[in-house]
**Q** 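What follows is a single structure, and I will ask about it in a moment.
No experiment lies behind these values; they were computed from the predicted model shown. Order of the sequence lines sets the chain letters (A, B, ...), proteins ahead of strands, with each chain counted from 1.
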Amino acid sequence: MIKAIRGTRDILPPETGLWNFVESAVRDVFRAYNFQEIRTPIFESTELFARGVGEETDIVSKEMYTWEDRGRAESDKGQSLTLRPEATAGIVRAYIEHKLWDRGLNKLYLIGPMFRRERPQKGRYRQFYQIDAEVIGPPSSGSDSAARDAEVIEMLATLLDRLGITGWNLQLNSVGCPNDRDQFNAALRKALEPVVAKMCVDCQRRAVTNPLRVFDCKVPEDEPIIEKLPRISQFLDEPCRKHFEEVQEILKSVGVPFILNDRLVRGLDYYTRTAFEFTHGALGAQNAILGGGRYDGLSESLGGPPAPGIGFAIGEDRLVMSLQEAAESVMKKPDVYVAPLGAGMNRDAARLARELRRHDLIVDLGDENFRLKKSFEAATRAGAKYILIVGENEVKADAFALKNLATGAQVSVPRGELAQRIQETL
RNA sequence: GUGGGAAUAGCUCAACUGGCAGAGCACCGGACUGUGGCUCCGACGGUUGCGGGUUCGAUUCCCGUUUCCCACCCCA
């Protein structure tokens, strides 16, 4: 048997109902903040991600699906392509390619699959889905304003509330500008030097490869040491500190609760200043439901003009996982099940179903070979509110037996009144 | 990429120390010819993830492999 490959999966009904529920809530909420949809290719030049996400990140160095695409002719050179591992780089590429700065401030969102070759586990797949949004534009459009950071974060709080996700946590930090981070890194290395030998093996490795990651350590014995390490907050320059304070002021003003966490570091190289993460307890080790931050230098590093931006990515798989509601409750059920009864009745049933569907009713249709009992069972299983019997007697009278499956009430309704009759009691 | 656990019918799970592979639910049919849910009866359903090995005999023990789960790493 041919099976879905490692780390990929089929999402089947009724679970797809939950996905649709999430996505339509997302579109509703984002619309209220004047975000518009963008769709970018699923594969891009490898170079885009190498430069955008950062050569040194895990994503680029070991998790990308990359292949050499062949040239069109013998003499033509192929090029290295990569399935997108995240959305921001592609969106910024499109921003540069289509000179979107002409439009001033761009508020864009994208929903779609991303690809990373990681070891799968719960809430982590090799093809996974992200809901991504970006605010990006020339500095003159106010794209670097703390107001945008706060707006984006507040929008996310609204979305989670709207979806009925309770118990989320917002963690907030500023990772400063690149200059701040260089100084901080240097200070961190210096501070680690005398104490690193006493720390866990993971931390000893991190101290060399990526000192920031020491803050992620979960070993209790290392905690006293980590407590005394310098923090990024001590290295923010004046503009960065001001910016971060304003983000916090606005969030307080609109009533979005947050927890300052100066250990929060994000895994992609391009992040600057505001960094945030929403977590949810029900997700196990993969508790990050969404993460985001500011990337003021990304456009330039991709060869574009200055275009400060802030964005986030929601892990849609994880978001769906943390929903309380069962898929059942958000699924749309048929309004009516049309049950043809007896030879030749398929034709009349099809005509009736067509009429009812044109009235925006959800209509399921049986088969004339079914015995009535079977039609009733099928209608009940589909969750239909009504069953409409199309038999010889009904066709002759041009009035049809309409039965409410919940109450058992049954009436004979003339053809012309059917749609209205079904609609008015929904 | 590293470490641990698991894999048996569509689903949830049994099967004693190595001895005929089972149950519930679901599905299909009947009781019941144009009126569902309940009940009863029946049928269907399996290369025990895959490949080797040990054995008279392997779902069971051993080795390999694949996938999932948990943790690490990292991230959404």
**Q** Could you note down all residue pairs passing ring-ring contact (aromatic ring centres under 6.0 Å, His included) where residues 158-213 of chain A supplies at least one of them, sequence neighbours left out?
**A** A:Trp168-A:Phe278, A:Phe184-A:Phe235
**Q** Output all residues satisfying ring pair (Phe, Tyr, Trp, His ring centres under 6.0 Å) with A:Phe400, sequence neighbours left out; order by chain, then residue number.
**A** none
**Q** Taking side-chain contact (heavy atoms from CB on, under 4.5 Å) as the test, write out the residues that go with A:Pro211, two or more places apart.
**A** A:Asn185, A:Leu188, A:Arg189, A:Leu192
**Q** Quick one: which residue pairs count as a salt bridge (Lys or Arg N to Asp or Glu O under 4.0 Å) with a foot in residues 123-136 of chain A, not counting sequence neighbours?
**A** A:Glu118-A:Arg124
**Q** Which pairs, protein N/O on one side and nucleotides 30-34 of chain B N/O on the other, fall under 3.5 Å?
**A**
residue	atom	partner	partner atom	Å
B:rG30	OP1	A:Arg371	NH1	3.1
B:rG30	OP2	A:Arg371	NH1	3.4
B:rC32	O2'	A:Arg371	NH2	3.4
B:rG34	O6	A:Asn393	N	3.2
B:rG34	O6	A:Asn393	OD1	3.4
B:rG34	O6	A:Asn393	ND2	2.7
B:rG34	N1	A:Glu394	OE1	3.0
B:rG34	N1	A:Glu394	OE2	3.1
B:rG34	N2	A:Glu394	OE2	2.6

**Q** Which pairs with one or both residues in residues 171-182 of chain A pass side chain to side chain donor-acceptor pair (under 3.5 Å), sequence neighbours excluded?
**A** A:Gln171-A:Asn261
**Q** Using nucleotides 3-10 of chain B, report all nitrogen or oxygen pairs with the protein that are shorter than 3.5 Å.
**A**
residue	atom	partner	partner atom	Å
B:rG3	O6	A:Arg119	NH2	3.2

**Q** Distance-only check: which donor-acceptor pairs under 3.5 Å involve side-chain atoms of residues 41-50 of chain A, not counting sequence neighbours?
**A**
residue	atom	partner	partner atom	Å
A:Glu44	OE1	A:Arg93	NE	2.7
A:Glu44	OE2	A:Arg93	NE	3.3
A:Glu44	OE2	A:Arg93	NH2	3.0
A:Ser45	OG	A:Glu47	N	3.2
A:Thr46	OG1	A:Ser80	O	3.0
A:Thr46	OG1	A:Ser80	OG	2.7
A:Thr46	OG1	A:Leu81	N	3.3
A:Thr46	OG1	A:Leu81	O	3.3
A:Thr46	OG1	A:Thr82	OG1	2.7
A:Glu47	OE2	A:Arg51	NH1	2.8

**Q** Pairs in or reaching into residues 106-134 of chain A: which pass ring-ring contact (aromatic ring centres under 6.0 Å, His included), with residues at least two apart or in two chains?
**A** A:Trp19-A:Tyr129, A:Phe30-A:Tyr109
**Q** Do the charged groups of A:Arg116 and A:Glu86 touch, with an N to O distance under 4.0 Å?
**A** no
**Q** Side-chain atoms of residues 147-157 of chain A: list all donor-acceptor pairs with protein atoms under 3.5 Å, sequence neighbours left out, distances to 0.1 Å.
**A**
residue	atom	partner	partner atom	Å
A:Arg148	NE	A:Glu151	OE1	3.0
A:Arg148	NH2	A:Glu151	OE1	3.3
A:Asp149	OD1	A:Arg294	NE	3.2
A:Asp149	OD1	A:Arg294	NH2	2.5
A:Asp149	OD2	A:Thr274	OG1	2.7
A:Asp149	OD2	A:Arg294	NE	3.0
A:Glu151	OE1	A:Lys107	NZ	3.4
A:Glu151	OE2	A:Lys107	NZ	3.1
A:Glu154	OE1	A:Tyr33	OH	3.1
A:Glu154	OE2	A:Tyr33	OH	2.9
A:Glu154	OE2	A:Thr158	OG1	3.1

**Q** Restricting both atoms to N or O, compile the protein contacts to nucleotides 11-13 of chain B shorter than 3.5 Å, with distance only.
**A**
none

**Q** With pairs defined as Watson-Crick or G-U wobble and both distances under 3.5 angstrom, please note down RNA chain B as a dot-bracket string, | for pairing with another strand.
**A** (((((((..((((.....[..))))..((((.......))))......(((((..]....))))))))))))....
